[in-house]
Asker: 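Let me give you the structure first, and then I'll get to my questions.
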Amino acid sequence: MRILSVALATFLALPVPAAEHREEVLRDSPAAYWRFDDALDCCAQEATDKRALKADRGENVSLIAPGPRAPKFPNFDAHNVAADFTEVKSGAFLRVADPGARSEFDFQKDTTITIEAWVQCRALGEGRLVYIISKGRTGNPGTKAGNQSWALCLRGARSAKGAVACPSFLFRDAKNDGDRSWHRWTTTRGFPPGEEWHHLVVSYTFGKPGSAKAWVNGVALDGAWDLGGATTLEPVLDDDEVWIGGSMGGAAENQFPGAIDEVAVYRAALTQERIARHAQREGPLPELAAVTSADPVPPAPPKP
Ligand SMILES: [Ca+2]
Ligand SMILES: [Ca+2]
């Protein structure tokens with residue numbers, strides 16, 4: 001009995017093991033989720049066995065880079081792997097086919113998109129817009145220029161403490177009316193580029209301009225619409241691909257300057273409590289800084 005008591009006391013004294021990040025993500029029913037962990041099936045998509053949403057590996061993407069790892073990131077093991085897009089200057093991205101009309105990648109008016117990723121953004125100049133994951137604007141044959149259904153990007157800006165990277169949500173409305181049809185919402189605080197891993201979430205309900213929200217490392221951030229301003233219109237809808245880590249045919253300017261891991265797309269909002277669970281880390285949160293330069297910088301003109 002005494003042995004049992006000692007064993008029980010020892011057991012109770014152990015820290016509660018953190019749920020794996022994978023479990024936390026799947027608990028929130030993503031429409032698509034890529035982890036980049038399986039050496040034999042590196043770009044598998046893990047939400048609800050939808051193997052059709054597997055990413056095609058780009059020639060220039062490294063899939064042996066370290067991702068966020070334990071013990072600093074307790075929801076990950078010590079071998080977690082990420083996708084690194086920095087081996088070449090351009091053309092490094094992963095592509096995922098859109099299964100067709102009204103697919104899990106198509107968002108109509110009054111539908112909510114939430115996009116999540118861990119990122120290690122090593123450097124980012126002021127005014128640059130680099131792509132984490134997006135649908136459309138690939139430059140693929142047969143697609144319309146500027147067909148950006150949705151995108152999670154980082155935008156480079158200046159703060160009193162130096163360069164910062166700000167999460168940015170970008171789309172083009174279905175009206176397709178020149179520059180007025182670009183809509184971009186960017187946070188007014190950002191994190192300094194470097195080797196640190198950051199957990200990002202953006203969420204938006206199409207048709208509801210006030211619904212745009214972003215979180216960095218579980219902290220909710222304010223933001224503002226620029227380019228064509230806010231809109232109640234729905235996004236461009238088509239069957240162009242989803243790309244991770246690049247855009248516009250692999251344009252160097254928009255290439256993600258670092259590594260990306262654990263990318264998920266949801267067709268619902270996540271609560272603050274759930275986002276905090278996904279963003280778990282040990283030690284103090286990385287400091288964020290307010291943007292001091294916020295001149296709108298339009299995206300590069302679409303390629304014909
Ligand atoms: Ca991973
Ligand atoms: Ca589609």
Side-chain angles (χ1 to χ4, degrees), residues 18-26 30-47 50 52-55 57 61-86 94-109 111 113 115-121 132-138 140-144 146-151 171-174 176 196-201 206 234-245 256 258-265 267 278-281:
E20 286 181 20
H21 185 73
R22 177 176 179 276
E23 289 171 24
E24 295 286 6
V25 169
L26 293 179
Y33 174 35
W34 301 271
R35 305 184 63 210
F36 316 124
D37 278 358
D38 187 336
L40 299 175
D41 195 6
C42 58
C43 306
Q45 186 285 125
E46 303 211 13
K50 287 180 181 153
L53 304 182
K54 183 179 186 299
R57 178 178 176 174
V61 180
S62 165
L63 291 152
I64 55 169
R69 291 177 170 182
K72 184 170 183 178
F73 300 97
N75 293 7
F76 293 97
D77 66 29
H79 307 286
N80 180 35
V81 168
D84 191 317
F85 298 85
T86 59
L94 302 168
R95 55 170 87 211
V96 185
D98 176 354
R102 302 189 73 86
S103 78
E104 41 276 270
F105 295 140
D106 295 327
F107 291 83
Q108 292 81 14
K109 197 163 174 171
T111 56
I113 184 171
I115 312 171
E116 171 182 44
W118 286 86
V119 298
Q120 184 188 51
C121 176
I132 298 167
I133 180 170
S134 63
K135 173 163 164 51
R137 213 184 188 192
T138 58
N140 283 338
T143 61
K144 287 186 180 170
N147 63 332
Q148 189 87 83
S149 295
W150 47 263
F171 73 99
R172 187 163 171 83
D173 69 54
N176 203 9
E196 185 64 76
W197 281 96
H198 299 276
H199 178 258
L200 311 182
V201 174
F206 288 99
E234 69 176 7
V236 169
L237 281 175
D238 64 13
D239 298 333
D240 199 1
E241 292 172 330
V242 169
W243 283 16
I244 298 169
F256 190 79
I260 299 174
D261 200 12
E262 308 290 324
V263 179
V265 177
R267 297 184 67 87
H278 292 208
Q280 287 207 20
R281 68 197 297 144

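When a ligand or atom number is given, it counts from 1 through the structure's own listing order. None of these values were measured; they are calculated from a predicted model. Values reported hereafter were calculated over all heavy atoms of this structure, with side chains retained and with hydrogens, waters and symmetry mates removed. Residue numbers start at 1 and run along the sequence shown.
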Asker: Run the side chain to side chain contact (heavy atoms under 4.5 Å, CB included) test on I132 and V119 for me, step by step, so that the C-alpha distance in whole Å, both residues' side-chain angles and the decisive distance to 0.1 Å come before the verdict.
Answerer: CA-CA 8 Å; I132 298 167; V119 298; 3.8 Å; yes

Asker: Please report the closest heavy-atom contact between G258 and T86, naming both atoms and the distance.
Answerer: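 Nearest pair, atom of G258 first, then T86: N-CG2, 3.0 Å.
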
Asker: Would you tell me whether Q120 and H198 have side-chain atoms, one donor and one acceptor, within less than 3.5 Å of each other?
Answerer: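 Result is no, nothing qualifies.
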
Asker: Any N/O/S of A82 under 3.0 Å from the Ca ion (ligand 1)?
Answerer: no

Asker: How wide is the angle at the Ca ion (ligand 1) between OD2 in D261 and OE2 in E262, to the nearest 10°?
Answerer: 90°

Asker: Among Q45, E262, E46, which one satisfies side chain to side chain donor-acceptor pair (under 3.5 Å) with Y33?
Answerer: E262

Asker: Taking the N/O/S atoms of D37 one by one, which is nearest to the Ca ion (ligand 1)?
Answerer: OD1

Asker: Has V81 got an N, O or S atom lying less than 3.0 Å from the Ca ion (ligand 1)?
Answerer: yes

Asker: Between K135 and D98 (salt bridge meaning N to carboxylate O under 4.0 Å), is one present in this structure?
Answerer: yes

Asker: Strictly under 6.0 Å, is that where the ring centroids of F171 and F206 end up?
Answerer: yes

Asker: If only side-chain N and O atoms count, and only distance matters, is there a donor-acceptor pair under 3.5 Å linking E241 with W243?
Answerer: yes

Asker: Which protein atoms of type N, O or S are found under 3.0 Å from the Ca ion (ligand 2)?
Answerer: D98 OD2, G100 O, D106 OD1, D106 OD2, D238 O, D239 OD1

Asker: How far apart are the closest heavy atoms of A70 and F76, and which atoms are they?
Answerer: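 Where A70 meets F76 most closely, the heavy atoms are CB-O, 3.0 Å.
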
